[in-house]
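Every chain is numbered from 1, with letters handed out A, B, ... down the list of sequences. None of the values given here were measured: they were computed from a predicted structure.
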Amino acid sequence: MSYKLWRKAEKIARRAILSMLTITATVVWAEPDSGRLVLLADDDSVAGTTTEALHLGTHIDLSVQGLQAQVLVSQTFKNQTDEWVSATYVYPLAEDSAVSRLKMVVGERVIEGEIQEKAQARKTFEAAKVAGKKATLIEQQRPNLFRQQIANIAPGETVRIDLGYSQQVIYDSGEFRLRLPLTLTPRYIPGVVSTELEAIQTLTTGAQGWARATDQVKDAASITPLQKYAAVGKVVNPVSIDLKLDAGMPLAWVRSATHQLTVNQPKGDDLGKRRIHFSQAKVSMDRDFEISWQPTAQSAPVAAQFVSEWQDERYLQLMLMPPREVASSRLTPRELVLVVDTSGSMAGDSIKQARASALLALDTLTAQDRFNVILFSSDTRAVFSDVVTATADNLKVAAKALASMQANGGTEILPALEQAFSYKKDAEHLQQIVFLTDGSVGNEAALLQHIHRNLGDARLFTVAIGSAPNRFFMRRAAEFGRGSFTEIASAAQIEQRMADLLNKLKSPVVTNITIDWPQPVQMYPRRIPDLYWGEPLLVTAKLSPWPSGSQPMITVRGTSAGKSWQRDLVLNTVAGQSDTKLLPVLAQRFGREKIKFLENELYVNGRDVNNEAQQEILPVALKYQLMSRYTSLVAVDKTPVRPAESALRERAVSNAMPAGATMQALSYPQTALGVSWHLLLGALALLALIVLKGMEVRYAEA
Amino acid sequence: MPKRNKPHTELPRWHRGRLVLSALLLLVLLWQWGSAFAIEAKAQLAQVLIERAWQQKLAAPTLTVAPWPWADTHAVGRLQVLDASGAVRQDLYVLAGGHGEALAFGPGLMSIGGAEVNSARVIAGHRDTHFAFLRELKDGDILRWQSTDGRWRRYVISQQSIANSMQDSLWVNPEADSLWLITCYPFDAMRAGGPLRYVVRADREKVGSNYMRNRQVSL
């Protein structure tokens, strides 16, 4: 019995083996390389980025004197891999920053950078990179966005990059304000991906961003760095700060809406000085840093002048507070168009802040006013088909739309602005557009041109929302729109800042401003804009030195509350006879303002006709040693360090995601079932069976 | 002891062991190849069932139609790969969610915030079943996506990359109208569970003049 059973089993086994053999043969022929073993030497040679390959630490030394802030940013890059690395880091700076100094520190060695014409700088850098020399190149992508490359960082090595620049302190609504961008909101790149443009793109070296060049944003790959979320309790891209504040007047308070600060008042010094640090030694670079201070009530400035001399020319900055009265007797009825960004980048805290701000703006409307609300993302949705009277019912409808809006989709600003500009205005209404957005788009130039061309009699007021808005676009849009710029960095600021804005919306305080100078002058802004409530007059000028004994007088004229207004000012002499060889901050500020003026002309024209802009901007940038769209900073170490046989890897340094944002970082799912593994195990079993079979045959022969 | 003289009545002990081993090996063989076959069968069969559900869904978009009574997922879109002549080379029904159970039946649409019409879509699929064809895709190939509104949108493959899932997460701009296809890499790896992923990106096709002209001709 048992014998028969065994025999039967053997028979079945033999047949099964035979059939399996046939199947295997078929499978193997059908898929000739199904059994190929793939070995990967280095995983991340193919991966786009590595988050931790390069560690970034930042320390910021800030010194504020009067209206100028001098900033020294020290970035420390540590190569944590065992390969030679080229790092690419895209970071924002203030939109009005005059970037002029670069220092590369490797161990004991200090290499000073210099301003070079853009193409030349890139050539210098590329040559050094290939030769294995340590080199740094910083290029301007936008006035507030810079791309830095560091070539040939040795395994385990630390390189420090010191970047020096100055920025203007803002004085608005009675308080001084300084904002340092520390990260960026991922930019929306409108347009269609264009392969022809990518051929040009490949000329740019360094790690590329996540977006591809489109017909509207040609440098998309250079302005879209990878970004990472700060996990709870973890610090991403740590930053520390040391701020020396010399306000020049006794201060009522110093505070920050974005960070917790430790404010010390140095003993024995006057009341206007402070020494400020973050309360925690290191914080994540996941939001802009904003600090504001206010002078005591009796010491609020009325006028201020700063003068310095360089190369036989005097540079002057003048700040003047206009009268504050508003002609309340004849308040013009308004036509208010609220344009609210509901794109994906607004998701999180930003959309809530936008909602609260928009509702506050609606609150101020009276029955004689008219209004509309436009929500936009990939598409534009107006709440009413045209502007409507601000009746209680209409306001309720708008409030409901605002309450139910969701952050989703793209940031197509152009159609939304087109819609806002399309409403016909009648003579007795003052047309105002309030634009609430984070401005995180890549096609700023096209938008500015559109605003310039279609503004008409309307006024555009921009409100920057979120932890890291695109202030360059927002401030410039407000200037082009002849309105004012407001920024809301946290929920706590909404009420105060919106109240200031609503004051501004009532009407300009001073219009038709002109300045009479005693001698020929170059002054920026060239045409002085209307001033709104709380805004000072601020101009930067260059003129030839006046004799020390004389007291030249300037006269500022304007129209305020229907009456003409006039102020006379005696020009100061140069305060300290400092080293005139050293480029003073004021001279660079003048250069920066001049470049801004020339750039604005470029935005108005839409393109650079006959390279005129380049021919005008380049000499200014070179004279004042400034970074611009046509000049870059480059530093090269003389001695090659990387052995020729070692390869160089391109690495990107990730930025932190702005706090409160909900961008999409997906973790990869498991996407294999191991069918081949099953097939392999089966095949192995088959092989063993064949071997057993062979042994049986041999036994039989024996 | 006459029985002992018959050598064929009982097999030698080692021979018996050999048979047991053979049976075990056969079992392993059947089990392993059976699972491989089951995976393939499940993947293919499910698509047929989902196709039916999808047609019903298109007819009544508000309904959530389960492809089979106990299904814990539903179809959210249809993905096609077109060749140069415009013929459909691959036709797949995409399910909701990128989790393991759903992926066995079809590629899964991962959830990234809102289901905006013009937004990024990330679709994951198994490299050994539905998404095995990803290795053959190249830049410029055309994908078509049909969402529940029945409209087809065309996308052009613009990028193929390999990422390490241990180190990175996939960084998607949710606002860009694009398709992202993800599968495991290398395609020929024996074991499942490796860290590498193959990512194909396709951007919304520009409706150029050329395309419009062609369309007019075909109309």
Check each atom of B:R127 against the heavy atoms of chain A and say whether the ones under 4.5 Å are side chain, backbone, both or neither. both
For the CZ atom on B:F133, are there more than 12 heavy atoms of other groups (residues, nucleotides or ligands in this structure) within a distance under 6.0 Å? yes
Single hit among B:L26, B:L21, B:L24 for side chain to side chain contact (heavy atoms under 4.5 Å, CB included) with A:L689: B:L26
Given B:T183, B:T129, B:V199, the one with more heavy-atom pairs under 4.5 angstrom with chain A than any other is B:T183
In Å and rounded to the nearest 0.5 Å, what is the CG to CG distance from B:L29 to A:L687? 11.0 Å
Those residues that, when tested against B:D83, pass salt bridge (Lys or Arg N to Asp or Glu O under 4.0 Å) (two or more places apart): none
Taking everything shown except B:W31 itself, do over 12 heavy atoms lie less than 6.0 Å from its CH2? no
Can you tell me which of A:V675, A:L684, A:L680 forms the most heavy-atom pairs within a distance under 4.5 Å of chain B? A:V675
From the list A:L686, A:V691, A:L692, side chain to side chain contact (heavy atoms under 4.5 Å, CB included) with B:L25 holds only for A:L692
Of all heavy-atom pairs between A:S676 and B:A189, which one has the smallest distance, and what is that distance? OG-O, 3.8 Å
More than 12 heavy atoms of other residues, nucleotides or ligands under 6.0 Å from CD of B:Q160: is that the case? yes
Under the salt bridge (Lys or Arg N to Asp or Glu O under 4.0 Å) test, which residues partner B:R144, sequence neighbours left out? none
About how many Å separate CD1 of B:I39 and CG of A:L679, when rounded to the nearest 0.5 Å? 9.0 Å
What are the two closest non-hydrogen atoms of A:G682 and B:Q32, and how far apart are they? N-CB, 3.7 Å
